[in-house]
Q: 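Before we start, here is the structure in question, set down as structure tokens.
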Amino acid sequence: MTHPIVPQIIELATPVAEELGLEVVAVVFHTNQRPPILRVDIRNPQQDTGLDDCELMSRALEASLDAASIIPDAYVLEVSSPGISRQLNTDREFNSFKGFPVIVWTSPPYNGQQEWTGQLIRRDETNVYLNQKGRVVEINRSLITKVQLDERRA
């Protein structure tokens with residue numbers, strides 16, 4: 001379950017990232033750690049995301065978070081690149097990774113399965129389409145809990 005302050009952090013982090021030419025890919029706030037860990041995954045759309053990108057974003061975001069006082073207590077900020085095994089969320093990501101192997105999780109199970117693997121064909125307003133050995137599988141988006149690149153088959 002997403003922590004309630006995550007949307008505020010995304011709202012704050014997105015313009016900071018854009019100013020640096022970066023994109024916010026995901027934000028997770030791990031409150032089960034002491035101190036809690038705020039993890040922000042970024043991507044550089046122009047080139048491979050490097051340590052310099054993470055460092056720049058970390059410094060800029062830390063200043064913005066401190067000024068906004070969204071997180072009242074001590075926490076650890078981690079800024080990193082999501083890497084190849086990341087979850088697909090945006091239309092841009094689904095377009096960029098057409099033809100790549102993916103894993104799709106559904107809940108409740110769809111046709112008796114909760115985990116589907118195949119080559120990503122596309123996503124539209126209603127379905128995600130996979131190629132499974134030449135057979136097209138349509139999975140309704142309302143059933144999908146997560147779509148992730150399948151690094152086991154990449």
Q: Between atom CG of L51 and atom OG of S80, what is the distance when rounded to the nearest 0.5 Å?
A: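 Nearest 0.5 Å value for the CG-OG distance: 10.5 Å.
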Q: Okay, side chain of R39, backbone of A26: is any donor-acceptor separation there less than 3.5 Å?
A: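 A pair under 3.5 Å: no.
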Q: Between P36 and T31, which heavy-atom pair has the shortest distance, and what is it?
A: CB-CA, 4.1 Å
Q: Can you check whether N140 reaches T126 side chain to side chain, under 4.5 Å on heavy atoms?
A: yes
Q: Could you check whether any side-chain heavy atom of S58 comes within less than 4.5 Å of a side-chain heavy atom of L77, counting everything from C-beta outward?
A: yes
Q: Measuring from T106:OG1 to K146:NZ, what's the distance to the nearest 0.5 Å?
A: 13.0 Å
Q: Drop me the distance from I9's CD1 to T14's OG1, to the nearest 0.5 angstrom.
A: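 I9 atom CD1 to T14 atom OG1 measures 11.0 Å (nearest 0.5 Å).
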Q: If hydrophobic clusters are built from ILVMFWY residues whose side chains come within less than 4.5 Å, do V79 and V76 share one?
A: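 As far as the 4.5 Å side-chain criterion goes, V76 and V79 are not connected within one cluster.
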Q: Under 6.0 Å from the CD atom of Q114, do we count more than 12 heavy atoms belonging to anything else shown?
A: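 Enclosed.
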Q: Taking the side chain as every heavy atom from C-beta outward, state whether F29 and I71 have any pair of such atoms under 4.5 Å apart.
A: yes
Q: Using only atom types and a distance under 3.5 Å, with no angle test, would you say the side chain of N127 pairs donor to acceptor with the backbone of Y129?
A: no
Q: Supply the atom-to-atom distance L20 CG to L56 CG, rounded to the nearest 0.5 angstrom.
A: 6.0 Å
Q: Using atom types as modelled and distance alone, determine if a side-chain donor or acceptor of D66 lies under 3.5 Å from a backbone N or O of A63.
A: no
Q: Measuring from atom CG of L12 to atom CD1 of I70, what distance do you get when rounded to the nearest 0.5 angstrom?
A: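 The CG atom of L12 sits 4.5 Å away from the CD1 atom of I70.
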Q: Indicate yes or no: at least one non-hydrogen side-chain atom of M57 is less than 4.5 angstrom from one of V16.
A: yes
Q: Within the side chain of Y110, is there an N or O that forms a donor-acceptor pair under 3.5 Å with the backbone of E138?
A: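 Side chain of Y110 to backbone of E138: a pair is present.
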Q: Tell me if a side-chain donor or acceptor on Q132 pairs with a main-chain N or O of T117 at a distance below 3.5 Å.
A: yes
Q: Kindly give the heavy-atom pair with the smallest separation between V25 and E93, and that separation in Å.
A: CG1-OE2, 4.0 Å
Q: For T49 and N44, indicate whether the former's side chain and the latter's backbone hold a donor-acceptor pair under 3.5 Å.
A: yes
Q: With a 4.5 Å cut-off on side-chain heavy atoms, are L149 and F97 touching?
A: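 Sidechains of L149 and F97: in contact.
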Q: If we only count heavy atoms from C-beta on, is the L120 to V128 side-chain gap below 4.5 Å?
A: yes
Q: List the atom of A74, the atom of P35, and the distance in Å for their closest heavy-atom pair.
A: O-CB, 3.8 Å
Q: Between L65 and L38, is there a side-chain heavy-atom distance shorter than 4.5 Å?
A: yes
Q: Minimum heavy-atom separation for L143 and P108, please, with both atom names.
A: CD2-CD, 3.9 Å
Q: Count the heavy atoms of every other residue, nucleotide or ligand shown that sit under 6.0 Å from CZ of R141, and state whether that count exceeds 12.
A: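 Counting other residues, nucleotides and ligands, CZ of R141 exceeds 12 neighbours.
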Q: Which heavy atom of S81 sits nearest to which heavy atom of C54, and what is that distance?
A: N-SG, 3.9 Å
Q: Find out if a path of hydrophobic residues (ILVMFWY) with successive side-chain heavy-atom gaps under 4.5 Å connects V28 to I10.
A: no
Q: Is there a path of hydrophobic side-chain contacts, each under 4.5 Å between heavy atoms, that joins F94 and V104?
A: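 Result: yes, single cluster for both.
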Q: Rounded to the nearest 0.5 Å, what's the gap from CG on D150 to CD on Q119? Could you check?
A: 9.0 Å
Q: Tell me whether V40 shares a hydrophobic cluster with Y75, the cluster being built from Ile, Leu, Val, Met, Phe, Trp, Tyr side chains joined at under 4.5 Å.
A: yes
Q: Should I37 and I5 be regarded as members of a common hydrophobic cluster, given that ILVMFWY residues are connected when their side-chain heavy atoms come within less than 4.5 Å of each other, either directly or indirectly?
A: no
Q: Minimum heavy-atom separation for R43 to P45, with atom names?
A: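 Smallest heavy-atom distance, with atoms named: O-CD, 3.4 Å.
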Q: Tell me whether T145 contacts the main-chain N or O of W105 through its side chain, where contact means a donor paired with an acceptor under 3.5 Å.
A: yes
